[in-house]
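Atoms within a ligand are numbered from 1 in the order they appear, just like the ligands themselves. Each residue takes its place number in the sequence, starting with 1.
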Amino acid sequence: MTRVLYRNVRATPGTAVGGDGIHLFDRDGRRYIDACCGVVVSSLGHNHPRVVEAIKRQADQLAYVHAGAFTNGPAEELAELLVERSPGLTHAYFLSGGSEIVELCLKTAYQYHVETGQPGRRTFISRRQSYHGSTLGTLAISGNLQRRDIFDPLLGPTHLVAPCYAYRDKREGESDREYGRRLAAELEEKILEIGPDQVAAFVAETVVGSTSGAVPPVEGYFAEIRAVCDRHGVLLILDEVMAGMGRTGHHYACAEDDVRPDILAVGKGLAAGYQPISAMLVAPHVHEAIRAGSGILKNGQTFVNHPLACATALEVQRTIVEDGLLGNVRQRGHQLRTRLTEVFAEQPHVGDVRGRGLFIGVEVVEDRSTKEPLATDFGFPARLRAEALREGLMTYPMSGTIDGRRGDHVLLAPPFICTADDVEAIVTRFAAAVDAVFREAS
Ligand code: PLP
């Protein structure tokens, strides 16, 4: 009997006992390729000697100090590294998880408007199908119906616009530019409908992760969005909790999108799972508004700028830079996408293979030509997960891809350290699992 309260309170998951590189081991001696890094976290794989050593070093020196009393070397150095590589952001603040950092981004956006004399800007606009966290504040701006679930009545009014989801929503004959402009026009309409003097920020994932399966924006989309936000004094918050920190082959996913956010959130891959840590980065005008105004960032939490977590993240990020792993992410990501496209060329249930770097989504359908989704009672995620485990492969399948209810996809997000042979092994096992799911069903 377990005393741990699991998500599925009727079942206890298997026990993981170790990991090495791209592999995870369970208590029964089974070995799996971790092709999804948990939930897109373990970007350096498991048991990375350099990171483990850094954790020991920092634990020997100083594990914790409260940020209200002291700063600490690792937090200072990590902020320096993140800022230096960022799209014009100048200051960083560290917390423990993605939800709380996005929550802080919302609070900071509002504080910015208060400090600049616009306290009426209290409304946030986000996108349908989005997921920004599990706290009430972040759920309230998350469009995904599955995650809002029973909490919906607690969340207040939500202001949503369409996501950038070219596979399904770009019209026949419409160019990427036109599609991006159409979506930006929808955002502008929404701002005008609410009243520009009431809108605090627009929040979006640079590349949509868990809810829709690694959906990148079309070229030009974020430039259009930025222009709309600027026209109306609305801040742009980019949520890169999943897509950031090298996952797409760039330190920040938005490096590919010709856009500078006002506030940006990262998490998951920041310390690659070796410690829980997330970061908010702010643009100079946001920092200056607070400095020149009240002078106080209105947030206090116990684990702000945690030294051990920051030292771990610092080592992870230095390893990514010094080992040239962003280049590997781009090369291996290209290989993975190309090989998946090849092996599924004749698989009628694979509708789309998409993504950036080692952040890849495979959307499965009933009918490739019409893009008709699988029946909702098909139970694709559970079936795929089971078949993949039989093949010794960890994947991240989800349903509700299209609108929180219909559609299915699998996220593949292997560690940045994977080799060409590892990618081949992932493709072989994944293709076998997908084929088994549909063979069994036919
Ligand atoms: N934002 C995005 C885009 C995410 O994918 C997630 C988690 O999946 C979160 C926020 C919340 O992060 P956490 O689960 O660390 O609280």
Pairwise ring-ring contact (aromatic ring centres under 6.0 Å, His included) hits with a residue in residues 201-242, at least two apart: none
Neighbouring protein residues of ligand 1 - any heavy atom closer than 4.0 Å: G97, G98, S99, Y131, H132, G133, E205, D239, V241, M242, K268
Over 12 foreign heavy atoms within 6.0 Å of CZ, R260: no
Residue pair C254, E240: steps toward the side-chain contact (heavy atoms from CB on, under 4.5 Å) verdict: CA-CA 9 Å; C254 62; E240 296 201 1; 3.4 Å; yes
Check: Y64 ring centre within less than 6.0 Å of F70 ring centre: no
Aromatic centroids of F303 and H306 separated by under 6.0 Å: yes
Test item: T108 and I290 side chains (from C-beta on) under 4.5 Å apart, heavy atoms: yes
